[in-house]
Chemist: 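Please find one structure pasted underneath; my questions will follow.
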Amino acid sequence: MKYDSGRIEKKWQKKWSEEKIYEISDKGEKFYHLVMFPYPSGDLHIGHWYNFAPSDVYARKKKMEGYKVLSPIGFDAFGLPAENAAIKRGIHPETWTYENIERMREQIVSMGPMYDWSKEVITCDSNYYKWTQWIFLELLKAGLAYRKKTPANFCPSCNTVLANEQVVEGRCERCDSEVVQKDIEQWLFNIRKYAEELLFSLKDVDWPEKTKLMQENWIGKSEGVEVEFTVEGKPLKVFTTRPDTLFGATYLVVSPEHPFLNDIKKTKVKNLDELEKYVMQARKKSERERTSEEKDKTGVKLEGVFAVNPLSGEEIPVFVGDYVLLHYGTGAIMAVPAHDKRDYSFAKKYGLPVKRVIRSESGLPYEGEGELVSSGKFTGINSDKAREEIIKHLKEKAKKKVNYRIRDWLVSRQRYWGAPIPIVYCKHCFQKEGKEGIDYTVFEGEEHAIVPVEEKDLPVALPYVEDFTPSKKGKSPLSRSDEFLITICPRCGKEARRETDTLDTFVCSSWYYLRYTDPHNDKAFADKKKIKEWLPVDIYIGGAEHTVLHLLYSRFITKVLRDAGHLSFSEPFLKLRHQGMILGPNGQKMSKSKGNVVDPDKEVKKHGADAVRMYLCFMGPYDQGGSWNPRGILGVKRFLERVWKMKENIEEEENEDLEKKLHQTIKKVTEDIDNLRFNTAISAMMTFLNKVQYLKKEQIKTLLLLLAPFAPHLTEEIWEDLGLKGSIHNEKWPTYNLSKTKEEKTTLIVQVSGKVRDKIEINAGTPEAKIKKLAKESEKVKKWIAGKKIKKVIIIKNKLVNIVIE
RNA sequence: GCCCGGGUGGUGAAACCGGUAAACACGCACGACUUAAAAUCGUGUGCCGUAAGGCUUGUGGGUUCGAGUCCCACCCCGGGCACCA
């Protein structure tokens, strides 16, 4: 019979689901295998396949090896794109989302993965976001969630604020619009408090070095010193990592928003008008504009104002410049133009003195370290030592300080399709309690007490509203629903207002891996025993684009929940691996406008899911991705056809050589899957089959077992055809006998002065003297060494001999 | 600018610890089967050369008996960060 992938795949998908063969067993060591859950964007695309199919191979092998494997799937269902798409199509985000989920579920099933659907999680289900809200309240309790009026990144197209991590080169991550700064009352999570731990516990996880490095850079730790200058009799602190260059400080620069300006402006500054104008201009500019003028720094000198260098006693001028950022360090710097290229370019522009204080051969600016010059009593000392001595000398005017680049996580979104923030604002409580002893905020222009919704009243349900379009003013659509907005204060029982912003979807996705262990629990986000049974995640597979978003947030939330006593581990994902990106056949990123999109449904129809799965595995290194070659899939398809035909080529004849090859193949496939080297695992099986005319039934069985994770449908069908009992996917992974993988004969490479001149078949373990003799006796070699003096002979056992001649 | 990856046949790629460069596959060529085509199977396939042989892993240099692999400099491609003091 012909190999009919369509018929076979439907048959087994149905059967597997009916017989629940992927239900998690209670035997064996636990293995939590996780893939990044998809966003229900419409149809499953080839990128999803590339995430799910090869990782499913990995999970299946683990299961066959006797682990009890949790391999769940779900949907990251809240978020801006659902709304944007719904608005475009004129349907409700909820309808759009659930319709997509239904379709994508079918498409996922068509891949033949071993997901246990009873564990499915959908973040926009109220039984899920109830716990997202609960986690918010946990953060609030721990003092890690706070409301603040702060300049925030606002996307004028999405009409909402965004987290720092969601702004890419000054543009909205989603829609690419230029982000503007806007002062709005916002909810933030204090991720900075965990900056140090987020940094140092990276050493405990097995992640790609690049990913760790990106997180490190994002957190951006820098150890330095706050040095106190005196400006017109008042202290002004600057942050520097190079106190050893203090003698080279020729001016100070403060950021335009620095509060110190308010004090000094009116009394001392002579060019007040110029200053005011500059500050106004700087405020108007977006961060993007300010940072894009990198090459051309601007500033205004505070005429009549001088700062005193605490170390040298020198009087130096003070500038306002927008290249100094308020939110980093102290918002003020000492400028050392000789040893900092930014200060150097500023100094050149404004004709300020440049004073070298570190000796070096190279020109200025010189940013390296070295021996101090022109630095008073510190002259002649080396940078590292000088730093310590200067700090000591300055006493309380210099304090060591660690700064982090990372900013707190802004979680409010002025959009409809998200989990409501479980907070109530109460005017009455504020009037009664006043500003002391109570958290209060400005809401709708008036002061209110901040009252958390009580746990028993969760979830705060997202109301079904007809008008969910975002407002241009950056106000949540929920504020238009009186039914939602007006509520009862949990504290005083009088009328109050609900928070109308929703939570960033990254809050939802920062804990879903916990929920998978116990998705239907309505007493807790997950049962403690279940969490202990499964977590942390043993391997997490997904794209690299989430490095500073989802992966960082998840680590943070894990640590918060640990400190609140809910978890007993510190890192959620012990091992992380990224899949690469699949490009269109033309080598470019797939996009509808370029017409190079590969539709997996069509490929499945044409070649079968098993072939598509395998081709994705075979294309190249998993973390590298590559362009889809429409002909490339034919290679694996031909291989599957040949496997299909093998069941007619059974012969029970001993073949020791073949048995050896088989054991080598088992070893190779086993090790390669472990290392996610799916491409070479497949080529090993191909190599094996290429050498084979007939197989014994036992050998076919072994081959099928090796192939089962890759081609679950085909192997199951042949398994049945061979009259074997049960599902192949409940069978044990084949083991190899190490002694059977060893060859008795090997090829000895004979080199003369490093060039290959002959190849000789020898027995493994041939002694060196014999090898030497064989090599010299070779006719081909004789030709090259005749009449030459042999300098030396190098022998690598079982492999190579190199006769070095003059 | 800084920090990471990566440059190997016509193409995707392979190569453990420095030891046969190009496994496996696509494509191509030829052959078998066929009235023919497709499919399938077989053979060949880095480059130059009839051959002997020579050359070949981005470029140039170095270490070594031996380098795709290690070291130095440079070029190109991809990704991240980008006034973070």
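Naming: A, B, ... by sequence-line order, numbering from 1 per chain.
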Chemist: Suppose we define a pair by two distances each less than 3.5 Å, Watson-Crick or G-U wobble; what does B/rG60 pair with here?
Modeler: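 Across any shown strand, B/rG60 pairs with B/rC72.
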Chemist: Report the distance from atom CG of A/Leu634 to atom P of B/rG12, rounded to the nearest whole Å.
Modeler: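 In whole Å, B/rG12 P and A/Leu634 CG are 17 Å from each other.
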Chemist: Parallel under 30°, tilted from 30 to 60°, perpendicular over 60°: which one fits the rings of A/Phe319 and A/Phe346?
Modeler: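 Perpendicular, since the angle between the ring planes exceeds 60°.
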Chemist: Over all strands shown, is A/Arg757 touching base, sugar-phosphate only, or nothing at heavy-atom distances under 4.0 angstrom?
Modeler: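 Sugar-phosphate, no base atom in range.
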Chemist: Within the pair A/Gln215 and B/rG80, is there a side-chain N or O less than 4.0 Å away from OP1 or OP2?
Modeler: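 Answer no for this pair, as no side-chain N or O of A/Gln215 is under 4.0 Å from OP1 or OP2.
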Chemist: OP1, OP2 of B/rC55 versus side-chain N and O of A/Lys755: anything below 4.0 Å?
Modeler: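 Yes, within the criterion.
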Chemist: So, is A/Arg631 close to the B/rG10 phosphate, meaning a side-chain N or O under 4.0 Å from OP1 or OP2?
Modeler: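 For B/rG10, OP1/OP2 do not have a side-chain N/O of A/Arg631 under 4.0 Å.
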Chemist: Paired with B/rG9: which nucleotide, if any, by Watson-Crick or G-U wobble criteria at under 3.5 Å for both distances?
Modeler: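 Looking at the geometry, B/rG9 pairs with no nucleotide.
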Chemist: Give A/Gln624 one of three labels, base, sugar-phosphate or nothing, depending on what nucleic acid heavy atoms sit under 4.0 Å from its own.
Modeler: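 Sugar-phosphate, backbone atoms only, no base.
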Chemist: Between B/rA15 and B/rG60, how many Å separate the two P atoms, rounded to a whole number?
Modeler: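 These two P atoms come out 26 Å apart once rounded.
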Chemist: Distance check, P atoms only: B/rU69 and B/rC30, in whole angstrom units.
Modeler: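 After rounding to an integer number of Å, I get 39 Å for this pair.
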Chemist: Would you say B/rA25 has OP1 or OP2 under 4.0 Å from some side-chain N or O of A/Asn629?
Modeler: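 For B/rA25, neither OP1 nor OP2 has a side-chain N or O of A/Asn629 closer than 4.0 Å.
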Chemist: Quick check: on RNA chain B, is the nucleotide nearest A/Ser753 upstream (toward 5') of the one nearest A/Tyr404, or the reverse? Name the residue that is more 5'.
Modeler: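 Comparing both residues, the 5'-ward one is A/Ser753.
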Chemist: Mind checking whether A/Tyr622 and A/Tyr50 have ring centres under 6.0 Å apart?
Modeler: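 A/Tyr622 vs A/Tyr50: aromatic centres under 6.0 Å.
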Chemist: Between B/rG27 and A/Arg638, is there an OP1 or OP2 to side-chain N/O distance shorter than 4.0 Å?
Modeler: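 Yes, within the criterion.
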Chemist: Taking the six-membered ring of A/Phe688 (Phe, Tyr or Trp), confirm whether the NZ or CZ of A/Lys661 is under 6.0 Å from its centre and within 45° of its axis.
Modeler: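 No, A/Lys661 does not sit over the ring of A/Phe688.
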Chemist: Using a cut-off of 4.0 Å on non-hydrogen atoms, how would the nucleic acid contact of A/Trp784 be classed: base, sugar-phosphate, or nothing?
Modeler: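 Result for A/Trp784 = sugar-phosphate.
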Chemist: Could you check A/Lys792 against A/Gly625 and say which one's nearest nucleotide on RNA chain B is further toward the 5' end?
Modeler: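 By nearest-heavy-atom nucleotide position, the 5'-most residue is A/Gly625.
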Chemist: Looking only at atom C1', what distance separates B/rC83 and B/rC72, rounded to whole Å?
Modeler: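 Result for the C1' pair: 32 Å, nearest Å.
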Chemist: With rounding to whole Å, what would you report as the distance between B/rG12 and B/rC2 at their C1' atoms?
Modeler: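 Roughly 33 Å separates the two C1' atoms.
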Chemist: Looking only at side-chain N and O atoms, does A/Arg405 come under 4.0 Å of OP1 or OP2 in B/rA85?
Modeler: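 Checking A/Arg405 against B/rA85: no side-chain N or O falls below 4.0 Å of OP1 or OP2.
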Chemist: Which is true for A/Leu800 with a 4.0 Å heavy-atom rule: it touches a base, it touches only sugar-phosphate, or it touches nothing?
Modeler: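 It contacts base atoms.
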Chemist: For B/rA85 and A/Tyr328 - does any side-chain N or O of the residue sit under 4.0 Å from the phosphate oxygens OP1/OP2?
Modeler: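 Yes, A/Tyr328 has a side-chain N/O under 4.0 Å of OP1/OP2 on B/rA85.
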Chemist: Regarding A/Lys788 and the six-membered ring of A/Trp784, is the cationic atom NZ or CZ under 6.0 Å from the ring centre and inside 45° of its axis?
Modeler: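 No, A/Lys788 and A/Trp784 do not form such a contact.
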Chemist: Can you tell me if A/Lys783 touches the phosphate of B/rG53, counting only side-chain N or O atoms and a distance under 4.0 Å to OP1 or OP2?
Modeler: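 Answer is yes, contact under 4.0 Å.
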Chemist: Taking 4.0 Å as the cut-off, does a side-chain nitrogen or oxygen of A/Asn403 come that near to OP1 or OP2 on B/rA85?
Modeler: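 For A/Asn403, the contact criterion (side-chain N or O under 4.0 Å from OP1 or OP2 of B/rA85) is not met.
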Chemist: Answer yes or no: is there an ion pair linking A/Lys399 with A/Glu228, defined by an N-O contact shorter than 4.0 Å?
Modeler: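 Answer for the salt bridge query: no.
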Chemist: Does the structure show a Watson-Crick or G-U wobble partner for B/rG42, both distances under 3.5 Å? Name it, or say none.
Modeler: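 Pair assignment: B/rG42 / B/rC30.
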Chemist: So, for A/Tyr615 and A/Trp628, is the gap between ring centers shorter than 6.0 Å?
Modeler: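 Judged by ring-centre distance (under 6.0 Å), A/Tyr615 and A/Trp628 do meet the cut-off.
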Chemist: Under 4.0 Å, counting only non-hydrogen atoms across every strand here, what does A/Asp343 touch: a base, just sugar-phosphate, or nothing?
Modeler: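 A/Asp343: no heavy atom of the nucleic acid under 4.0 Å.
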Chemist: Taking only the side-chain nitrogens and oxygens of A/Ser222, find out if one of them lies under 4.0 Å from OP1 or OP2 of B/rA85.
Modeler: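 Yes.
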Chemist: If you look at every strand shown and take non-hydrogen atoms under 4.0 Å, does A/Phe618 touch a base, only sugar-phosphate, or nothing?
Modeler: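 Contact class for A/Phe618: base.
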Chemist: Expressed as a whole number of Å, how far does the C1' atom of B/rA37 sit from that of B/rA32?
Modeler: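 Roughly 15 Å separates the two C1' atoms.
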